[in-house]
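Below: the structure, in structure tokens.
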2 protein chains.
Amino acid sequence: MDKTAFFQKFVAFTTAVHQVKHEMTKDLKPADITPVQYSILEYIAVQQPVTLSEISDCQHMSMPNTSREIRKLTEKGLCEKSTDAQDQRKQSIRLTPEGKAMMDEAFARIEARFFHRLQGASEGDLKTIEQALDVLQAKVFHTE
Amino acid sequence: MDKTAFFQKFVAFTTAVHQVKHEMTKDLKPADITPVQYSILEYIAVQQPVTLSEISDCQHMSMPNTSREIRKLTEKGLCEKSTDAQDQRKQSIRLTPEGKAMMDEAFARIEARFFHRLQGASEGDLKTIEQALDVLQAKVFHTE
DNA sequence: CCTTTTTGTTATCAAATGATAACTAACGAG
DNA sequence: CTCGTTAGTTATCATTTGATAACAAAAAGG
């Protein structure tokens with residue numbers, strides 16, 4: 001096993017993933033949302049409800065900046081805060097119906113692009129791809 | 001085949017890749033290099049020699065901004081321009097020895113983290129991983 | 001209780017990034 | 001040769017992002 005070649009394959013792979021993800025998500029965020037805000041919305045959409053601290057950790061941004069961006073998203077009517085019943089320090093953040101509608105549409109368009117990219121793949125190919133995704137997620141891209 | 005579940009697996013996977021890549025590359029860029037500049041340096045390191053237009057395309061930034069960042073990197077002594085012999089409009093950009101040394105060290109540290117992450121994987125696991133990388137790059141994350 | 005820690009906010013500032021206009025020079029096609 | 005196109009530069013500006021200090025309130029632990 002050539003370790004250097006293996007590593008280079010890994011680097012090329014992550015670069016390709018980044019590239020493809022960019023292609024699949026470009027031109028779909030509304031004009032009045034900044035890239036950071038869109039990224040936060042994606043995170044909330046998948047993980048909601050979330051707290052400010054969780055966003056701060058996962059998006060690698062400071063609490064003050066996270067607080068600012070959430071305030072802006074709240075002002076735009078895309079997400080809302082509610083105080084956690086158990087711990088009143090915590091803010092439980094969710095998408096508003098408008099925010100959810102926006103993200104649903106964004107994900108629908110990404111999904112369409114995804115399957116467009118897979119057109120031509122047989123049922124067997126899809127099985128192979130699914131297994132490959134499972135393998136890599138379990139053995140390489142695991143995050144705890 | 002449940003399409004929605006398949007797509008969600010894809011989303012979770014790309015998110016994990018992004019996350020792991022962030023973990024593996026954090027804290028290794030020198031203090032006087034901005035994130036965008038580091039990204040450009042990575043690109044040059046892998047693809048050199050490159051032209052300004054190529055950087056502009058691949059990094060999704062405008063020519064004026066690309067020009068500015070390359071000028072800054074040149075001023076820092078990390079890359080250098082030379083006019084293409086065939087087409088005198090084109091600038092051939094490469095890393096300087098200092099730039100190469102910097103990126104070699106960065107990649108070495110990423111490689112160390114990569115294999116650290118893979119410690120515990122058997123020789124057979126590595127084969128499986130390599131095949132999974134090949135499959136996904138060919139069938140899903142192909143970029144032409 | 002009282003102190004420390006966690007969670008979040010507000011204000012402020014600096015730096016990085018993105019966008020555009022106006023320009024030069026070299027190439028390429030007719 | 002001339003004209004349109006490609007490659008790159010410079011200058012300028014607005015916006016986004018990142019960083020820090022100073023604060024308040026709730027919780028947790030003695």
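A note on names: the letters A, B, ... follow the listed sequences, proteins ahead of strands, and every chain is numbered from 1. Computed over heavy atoms, backbone and side chain alike; hydrogens, waters and symmetry mates excluded.
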| request: Only pairs at least two apart or in different chains count here, so list each side chain to side chain donor-acceptor pair (under 3.5 Å) that has a residue in residues 10-20 of chain B. | output: none
| query | Rounded to the nearest 0.5 Å, what separation is found between the CE atom of A/Met103 and the OH atom of A/Tyr43? | reply | 13.5 Å
| request: Compute whether any side-chain donor of one residue and acceptor of the other, for A/Ser39 and A/Gln59, lie under 3.5 angstrom apart. | output: yes
| Axial bend angle, the helix from C/dC1-D/dG30 to C/dG30-D/dC1: five-pair end segments, nearest 10° | 40°
| field | Point-to-point distance, once rounded to the nearest 0.5 Å, from CD of A/Gln48 to OG of A/Ser92 | value | 9.0 Å
| request: Using the test ring-ring contact (aromatic ring centres under 6.0 Å, His included), find all partners of B/Phe107 that sit at least two apart in sequence or belong to another chain. | output: none
| note | Residue pair B/Gln37/A/Ser92 against DNA chain C: nearer the 5' end by closest nucleotide is A/Ser92
| query | Is there side-chain contact between B/Met102 and B/Leu78, with at least one heavy-atom pair below 4.5 Å? | reply | yes
| query | Do the side chains of A/Asp84 and A/Arg89 get nearer than 4.5 Å, heavy atoms only? | reply | no
| remark: So, with a heavy-atom separation below 4.0 Å from DNA chain D, the residues of residues 27-34 of chain A are A/Thr34
| note | The side-chain hydrogen bond (donor to acceptor under 3.5 Å, both in side chains) partners of B/Gln37 (sequence neighbours excluded) come to B/Glu69
| said: I'd like to check the side-chain hydrogen bond (donor to acceptor under 3.5 Å, both in side chains) partners of A/Gln119; sequence neighbours left out, ordered by chain and number. | reply: none
| Value in whole Å for how far the P atom of D/dT5 lies from CE of B/Met63 | 17 Å
| query | Which residues in residues 49-59 of chain A have at least one heavy atom lying under 4.0 Å from any atom of DNA chain C? | reply | A/Thr51, A/Leu52, A/Ser53
| said: Please determine whether a side-chain nitrogen or oxygen atom of A/Lys72 lies at a distance below 4.0 Å from atom OP1 or OP2 of C/dT9. | reply: no
| How would you list all residue pairs meeting side chain to side chain donor-acceptor pair (under 3.5 Å) that involve residues 98-111 of chain B, not counting sequence neighbours? | B/Lys100-B/Asp104
Anything under 3.5 Å between a protein N or O and an N or O of nucleotides 18-27 of chain D, put it in a table, one pair a line.
unit_1 : atom_1 : unit_2  : atom_2 : d
D/dG18 : N7     : A/Arg68 : NH2    : 3.1
D/dG18 : O6     : A/Arg68 : NH1    : 3.0
D/dA19 : N7     : A/Asn65 : OD1    : 3.3
D/dA19 : N7     : A/Asn65 : ND2    : 3.1
D/dA19 : N6     : A/Asn65 : OD1    : 3.2
D/dA27 : OP1    : A/Gln88 : N      : 2.8

| Taking only residues two or more places apart in sequence, or in another chain, which ones meet B/Arg113 in a side-chain hydrogen bond (donor to acceptor under 3.5 Å, both in side chains)? | none
| remark: Residues pairing under salt bridge (charged side-chain N to carboxylate O under 4.0 Å, His left out) where one sits in residues 124-141 of chain A, two or more places apart or in two chains, turn out to be A/Asp125-B/Lys139, A/Lys127-A/Glu130, A/Glu130-B/Lys9, A/Asp134-B/Lys9, A/Lys139-B/Asp125
| field | Protein-nucleotide distance (A/Ile93, atom CD1; C/dG8, atom C1'), rounded to Å | value | 10 Å
| query | A/Ile40 has an atom CD1; how far is it from atom P of D/dT16, in whole Å? | reply | 13 Å
| field | Spacing of A/Leu73 atom CG relative to D/dT17 atom C1', expressed in whole Å | value | 14 Å
| request: Can you sort out the partners of A/Tyr38 under ring-ring contact (aromatic ring centres under 6.0 Å, His included), two or more places apart, ordered by chain and number? | output: none
| query | Quick one: B/Lys90 NZ to D/dT5 P, roughly how many Å, whole number? | reply | 18 Å
